[in-house]
Amino acid sequence: MTIKKKPLAIGVALCALTLQSATSFASSHREAPFITEIPKVDGTDFYMFRSYEPTRENYVTLIANYLPLQDAYGGPNYFDLDEDAIYEIHIDNNADGVEDLTFQFQMQDNFQDIQLPIGNEMVSVPLKNIGDAADPGNVQFSQSYTLKMIQGDRRTGSATTLTNATTGMSTFDKPLDNIGEKSFPNGYANYASDFVYDVDLPNCSADGRVFVGQRKEAFAVNLGEIFDLVNTNPLGERNAEGPGDLADKNVTSFALELPKACITGTAATSNGQTIIGGWTTASVRQARIINPEPSLATSDMSGQKGATVEGGAFTQVSRLGMPLVNEVVIGLKDKDKFNASEPKDDGQFLTYVTNPTLPALLEILFSDAGAEAPAIGPNGRTDLVAAFLTGLDGVNQPSNPTPSEMLRLNTELPITPLSEQNDLAALAGDVGGFPNGRRPYDDTVDIALRVVMGALVDGAPNQNVPFTDGVRLDRNELPNQFPYLATPIAGSPNDDVMVGGMR
């Protein structure tokens, strides 16, 4: 069913002033009123970095995480994605704030009605699987996806359906979530590793890689305390409170590894170095009608109508580049608007980003401990421009960038091996990490807290701005290979514990 779209007369009055500064804080979980109603398309984190898996130095990895706060035991349905949505990763390679490449994922639900003989009747079972879930014959519900590469505008550009470089198939399978050890007797890590695929890329001499599936949450944050008026000690020890509130949560990742030569294109340059920008979005159909009588399915699931009928144009409802901008920068009344916006239009949020409220709040809350917000100059917090809108001069700032909120990555700077990465990244001299892109190990909460409280006011990083949320990620939890996030926590005890991710 298709619902015709009425033109929406939405007038956007852009400020004539140039966007001067922005600030950010961490990650994105339930950050806007509307997105709480549709968690399957809630983007939580976006990572972009030069691949540090051995022999993969000529690749860039992009990871978009969705569907936050997954409890491993969340059965019987667990955490499937929305087949009526599109999930996208965008790359701007000429610094104008507009996507030049888009990688678009669309999910598909796959049903297999498994029935058992009960008395004289064949009756459908209530669970997703009836045995070893690595055997497709035991699985009642699974998901697959297609992947398109779009050159130019995300909706009107030239689209190519990408195929499996090994089989030529245009459909890729998503692994089931980690139900538990009984459903995966041979280990979930071994099972999930079979869902990493090589991908043909048009006009590219090398293949990419893709994985879509559940991973262990890597974002270290005192989430509850932060939103309870920073109910922690921001001037205390960095690891005072353990691994953080998300240490027992999973998330769903869209992971791509792409040859850097094939995504830089006419990339913006600085001193001969190529720099790209990236962000992720999710969009849903404009109309959703509740079906009062979802139809019963036949044995092959044909004729299934479902609980809703979707129609109309795809409309963006989630956006994420730099971490936690929407949570702690954008005013409550405009959070849904930010999620529907594009980087090129970020001038409309000028007041929020040139006069950020977070530093003032921290000063009020912790003035007794010596917290003092930097002064607001005539053009706002200009010290934050390089870090969050244009890139750092000499690190990841292209020539003449359009100020816009996204991750920016210098694809020429040296890679830091995982064992040598500093989780304060660029603030500690490790320019292979945030805000030069973002790696899973980067402690973006501590980095951003220090920046908003003045760590870059005088240009070079000031190590005497010690703000922290008190939690850090254990480096040993992270794997050294694609897709770089650890094996998800099992829904029931699992003896095959994998702290390093896929084997």
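Quantities reported herein were computed from a predicted structural model and do not represent experimental measurements. Just so you know, these numbers use all the heavy atoms, side chains as well, and skip hydrogens, waters and symmetry mates.
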(message) Counting C-beta onward and ignoring hydrogens, is there a side-chain heavy-atom pair between Leu485 and Asn65 closer than 4.5 Å?
(response) yes
(request) Kindly determine whether Leu246 and Leu69 satisfy side chain to side chain contact (heavy atoms under 4.5 Å, CB included), including the steps that lead there. (result) CA-CA 7 Å; Leu246 303 186; Leu69 307 176; 3.4 Å; yes
(request) Please confirm whether the backbone N or O of Asp82 pairs with a side-chain atom of Lys40, one donor and one acceptor, at under 3.5 Å? (result) no
(request) Taking the side chain as every heavy atom from C-beta outward, state whether Asp423 and Asp442 have any atom pair closer than 4.5 Å. (result) no
(request) Not counting sequence neighbours, which residues clear side-chain contact (heavy atoms from CB on, under 4.5 Å) with Ser142? List them please. (result) Asn110, Val139, Leu176
(request) Work out which heavy atom in Leu392 is nearest to a heavy atom in Pro435; give both atom names and the distance. (result) CD1-CG, 3.9 Å
(request) Could you tell me whether a side-chain N or O of Asn250 sits under 3.5 Å from a main-chain N or O of Pro488, the two making a donor and an acceptor? (result) no
(message) Assess, by modelled atom type and distance only, whether the side chains of Thr274 and Glu412 contain a donor and an acceptor separated by less than 3.5 Å.
(response) yes
(request) Taking the side chain as every heavy atom from C-beta outward, state whether Ile276 and Thr264 have any pair of such atoms under 4.5 Å apart. (result) yes
(request) Would you verify whether the NZ or CZ of Arg450 falls within 45 degrees of the ring axis of Phe467 while also being under 6.0 Å from that six-membered ring's centre? (result) no
(message) Closer than 3.5 angstrom, by distance alone: can the side chain of Ser419 be matched with the main-chain N or O of Pro417 as a donor-acceptor pair?
(response) no
(message) Give me the atom names and distance for the closest heavy-atom approach of Asp100 to Asp92.
(response) OD2-OD1, 3.1 Å
(message) Run the side chain to side chain contact (heavy atoms under 4.5 Å, CB included) test on Trp279 and Leu407 for me, step by step, so that the C-alpha distance in whole Å, both residues' side-chain angles and the decisive distance to 0.1 Å come before the verdict.
(response) CA-CA 7 Å; Trp279 70 100; Leu407 284 180; over 6 Å; no
(message) Looking at Glu257 and Arg209, is any side-chain nitrogen of the basic one under 4.0 Å from a carboxylate oxygen of the acidic one?
(response) yes
(message) Donor-acceptor pair, distance only, cut-off 3.5 Å: does the side chain of Asp469 make one with the backbone of Asn222?
(response) yes
(message) Please check this pair: side chain of Glu363 against backbone of Ala373, looking for a donor-acceptor N/O pair closer than 3.5 Å.
(response) yes
(message) Testing Ile263, Val199, Leu147, Val212 one by one against Leu256 for a side-chain contact (heavy atoms from CB on, under 4.5 Å), which residue passes?
(response) Leu147
(message) Between Asp430 (side chain only) and Gln421 (backbone N and O only), is there a donor and an acceptor less than 3.5 Å apart?
(response) no
(message) I need the minimum non-hydrogen distance between Ser51 and Arg56, along with the two atoms involved.
(response) CB-O, 3.3 Å
(request) Specify the closest pair of heavy atoms between Pro483 and Ala255, including all atoms of both residues, with the distance to one decimal. (result) CB-CB, 3.9 Å
(message) Under a 3.5 Å threshold, yes or no: a donor from one side chain and an acceptor from the other, between Ser318 and Asp42?
(response) no
(request) Spell out, as yes or no, whether a donor-acceptor pair under 3.5 Å connects the side chain of Arg439 to the backbone of Tyr47. (result) no
(request) Measure the spacing between CG of Leu361 and CZ of Phe366 and express it to the nearest 0.5 Å. (result) 8.0 Å
(request) Determine, step by step, whether Leu258 and Phe103 satisfy the side chain to side chain contact (heavy atoms under 4.5 Å, CB included) criterion, reporting the C-alpha distance in whole Å, the side-chain angles of both residues, the deciding distance to 0.1 Å, and the verdict. (result) CA-CA 11 Å; Leu258 305 169; Phe103 293 87; 3.6 Å; yes
(request) Using a strict 4.0 Å threshold on nitrogen-to-oxygen distance, state whether Arg215 and Asp45 make a salt bridge. (result) no
(request) Could you tell me which residues satisfy side-chain contact (heavy atoms from CB on, under 4.5 Å) with Pro175, sequence neighbours excluded, listed by chain and number? (result) Tyr188, Tyr191, Phe195, Phe211
(request) Verify, without hydrogens or angle tests, whether Glu217 (side chain) and Phe219 (backbone) share a donor-acceptor contact under 3.5 angstrom. (result) yes
(request) Might you work through the side chain to side chain contact (heavy atoms under 4.5 Å, CB included) test for Leu478 and Asn480, ending with a clear yes or no? (result) CA-CA 7 Å; Leu478 295 170; Asn480 195 34; over 6 Å; no
(request) State the OG-CE distance between Ser404 and Met322, to the nearest 0.5 angstrom. (result) 10.0 Å
(request) Supply the atom-to-atom distance Thr411 OG1 to Lys260 NZ, rounded to the nearest 0.5 angstrom. (result) 5.0 Å
(request) Evaluate the side-chain proximity of Arg319 to Glu405: yes if any heavy-atom separation is below 4.5 Å, no if none is. (result) yes
(request) Identify the two heavy atoms, one from Arg154 and one from Glu88, that lie closest to each other, and give their separation to 0.1 Å. (result) CD-OE1, 4.1 Å
(request) State the CD1-CE distance between Ile91 and Met406, to the nearest 0.5 angstrom. (result) 11.0 Å
(request) With rounding to the nearest 0.5 Å, note down the distance linking CD in Gln70 to CG in Asn178. (result) 11.0 Å
(message) To check you understand the geometry: which heavy-atom pair defines the closest contact between Ser183 and Asn129, and what is its length?
(response) OG-ND2, 3.1 Å
When the side chains of residues 73-81 are checked against the rest of the protein, which donor-acceptor pairs come out under 3.5 Å, sequence neighbours left out?
unit_1: Asp80; atom_1: OD1; unit_2: Lys128; atom_2: NZ; d: 3.1
unit_1: Asp80; atom_1: OD2; unit_2: Lys128; atom_2: NZ; d: 2.5

(message) As an exercise, state the distance from NE2 of His90 to CG of Leu62, rounded to the nearest 0.5 Å.
(response) 11.5 Å
(message) Name the residue from Arg475, Arg472, Arg238, Arg438 that meets the salt bridge (charged side-chain N to carboxylate O under 4.0 Å, His left out) definition with Asp443.
(response) Arg238
(request) Check Phe46, Tyr66, Phe105 against Tyr87 for a ring-ring contact (aromatic ring centres under 6.0 Å, His included) and give me the one that passes. (result) Tyr66
(message) Tell me if the CG atom of Asn400 is crowded by more than 12 foreign heavy atoms within 6.0 Å.
(response) no
(message) With a 4.5 Å cut-off on side-chain heavy atoms, are Glu53 and Thr61 touching?
(response) no
(request) Output yes when a side-chain donor or acceptor of Asp393 lies under 3.5 Å from a complementary backbone atom of Gln397, and no otherwise. (result) no
(request) Please check if the side chain of Asn396 supplies one atom and the backbone of Gly391 the other of a donor-acceptor pair under 3.5 Å. (result) no
(request) Determine whether Ser399 and Ile275 make a side-chain contact, defined as any pair of heavy atoms from C-beta on separated by less than 4.5 Å. (result) no
(request) Compare all side-chain heavy atoms of Val451 with those of Leu427 and state whether any distance is below 4.5 angstrom. (result) yes
(message) Any non-hydrogen side-chain atom of Lys174 less than 4.5 Å from a side-chain atom of Asp177?
(response) yes
